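The first residue in the sequence is number 1, and the count goes up from there. Bear in mind that the values here come from a model prediction, so they are computed numbers and not experimental data. In each ligand, atom 1 is the first atom listed, and ligand 1 is the first ligand listed.
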Amino acid sequence: MKRVHNFNAGPCVLPKEAINAAIEHLKNFKDTGMSVIEVSHRSKEWDAIMNETEAIWKELLNIPEGYKVLFLGGGASMQFAMVPFNFLEKKAAYLETGVWAKKAIKEAKGFGEVITVASSAEKTFNYIPKGYTIPTDVDYFHITTNNTIYGTEIHEDINSLVPLIADMSSDIMSRPVDVSKYTMIYGGAQKNVGPAGVTFVIIKEDALGKVSRFIPTMLNYKTHIEESSMFNTPPVFSILVMNETLKWVKKLGGLKVMQKMNKEKAELLYNEIDRNSMFVGTAEKNSRSYMNVCFVMAEGYKDKEEAFMAFAKEKGMVGIKGHRSVGGFRASIYNACPRESVEALVACMQEFEKKNK
Ligand SMILES: *Cc1c(COP(=O)(O)O)cnc(C)c1O
């Protein structure tokens with residue numbers, strides 16, 4: 001297999017170790033004589049995987065008592081509706097930091113009043129708003145911790161007097177999180193913890209049951225808590241790869257180690273963007289994401305965008321095209337993106353500068 005430097009935004013690079021382990025389970029799952037996609041999800045072998053996966057989540061994130069970790073279908077996008085369905089009785093507050101936040105707001109509006117406490121829309125979401133006030137009369141406050149498209153990130157757990165709910169699709173497991181500050185954390189697995197097809201939900205059990213509406217069985221978190229994510233057939237293969245991905249995180253030393261590695265990788269790339277006169281970063285410096293690094297050609301070099309894209313492609317870089325709403329380039333450098341890939345991209349930018357300036 002030809003090796004490439006994979007900077008895809010999601011689905012994206014996963015640890016080779018996790019993929020290889022998954023291949024073995026695909027062939028023969030725990031000596032059952034069956035593939036993991038052939039065994040019953042009610043078998044004891046599968047049950048062990050479910051329990052182990054929840055245990056690794058709890059261990060890595062140091063999740064306190066009273067929380068449950070769920071593995072559901074539907075993607076983070078399904079959570080945009082499930083959150084207000086289960087939590088919004090009258091009013092909710094949202095922080096508008098990008099397209100994903102906007103999509104979450106749109107769904108919530110179908111269930112009650114929505115207050116947008118702050119927005120960075122006027123500057124194409126290139127910063128994280130600060131100095132806003134969270135209303136105290138709302139059912140919850142919703143944030144998106146990493147804005148995958150714009151490359152901005154909330155690096156610290158914020159304090160909220162009302163229940164805090166976070167979409168952490170693209171930075172979960174990239175740093176330690178004080179889960180006790182959140183009522184719920186959710187996301188699609190396909191950015192940092194596994195393949196597409198499974199959605200994680202970390203939920204405080206006693207926060208539920210406060211809305212008066214009827215909630216369909218499958219959309220009710222209580223159903224999935226009571227049945228330990230096995231009310232219906234769970235996405236077994238996606239969960240298995242997630243399990244192996246998190247074992248890899250654990251083996252490397254856990255989230256403090258991840259955070260250090262991620263910060264170092266991001267700094268390497270941001271330093272080059274700031275040094276190299278042909279490129280410029282799009283996110284404000286104090287809002288820069290460690291997961292998605294967005295940049296464009298600098299003034300005077302705008303006509304070189306396609307040339308750089310072709311040059312980088314030739315050097316084995318994959319997935320660096322920026323989202324169409326921002327343009328330019330985006331390098332997604334999640335946990336499993338090796339430092340060598342970031343170094344290769346930096347070298348590529350340096351070489352391009354030498355050749356074209
Ligand atoms: C990718 C992404 C989503 C959408 O996830 P799906 O699982 O595809 O629904 C939502 N929020 C954020 C922050 C994302 O990066």
Under a 4.0 Å N-O cut-off, is there an ion pair linking E351 with K315?
->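 Yes, this pair counts.
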Classify the angle between the aromatic ring planes of F111 and F85 as parallel (below 30°), tilted (30 to 60°) or perpendicular (above 60°).
->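 The rings of F111 and F85 sit tilted, inter-plane angle from 30° to 60°.
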In chain order, what residues pass the side-chain contact (heavy atoms from CB on, under 4.5 Å) check against A55, with sequence neighbours excluded?
->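 A55 satisfies side-chain contact (heavy atoms from CB on, under 4.5 Å) with no residue once adjacent residues are dropped.
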Determine whether the side chains of N292 and N146 contain a donor N or O and an acceptor N or O closer than 3.5 Å.
->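 N146 and N292 do have a side-chain donor-acceptor pair below 3.5 Å.
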Acceptor/donor pairs from residues 254-261 side chains to any protein atom, 3.5 angstrom cut, sequence neighbours excluded:
unit_1 : atom_1 : unit_2 : atom_2 : d
K260   : NZ     : E264   : OE2    : 3.2

Ligand 1: protein N/O within less than 3.5 Å of ligand N/O:
unit_1   : atom_1 : unit_2 : atom_2 : d
ligand 1 : 7 (O)  : A76    : N      : 3.0
ligand 1 : 7 (O)  : Q190   : NE2    : 2.9
ligand 1 : 8 (O)  : Q190   : NE2    : 3.2
ligand 1 : 9 (O)  : A76    : N      : 3.2
ligand 1 : 9 (O)  : S77    : N      : 2.8
ligand 1 : 9 (O)  : S77    : OG     : 2.6
ligand 1 : 11 (N) : D167   : OD2    : 2.7
ligand 1 : 15 (O) : T148   : OG1    : 2.4
ligand 1 : 15 (O) : K191   : NZ     : 2.7

Quick one: which residue pairs count as a ring-ring contact (aromatic ring centres under 6.0 Å, His included) with a foot in residues 222-278, not counting sequence neighbours?
->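 The answer is none; no pair qualifies.
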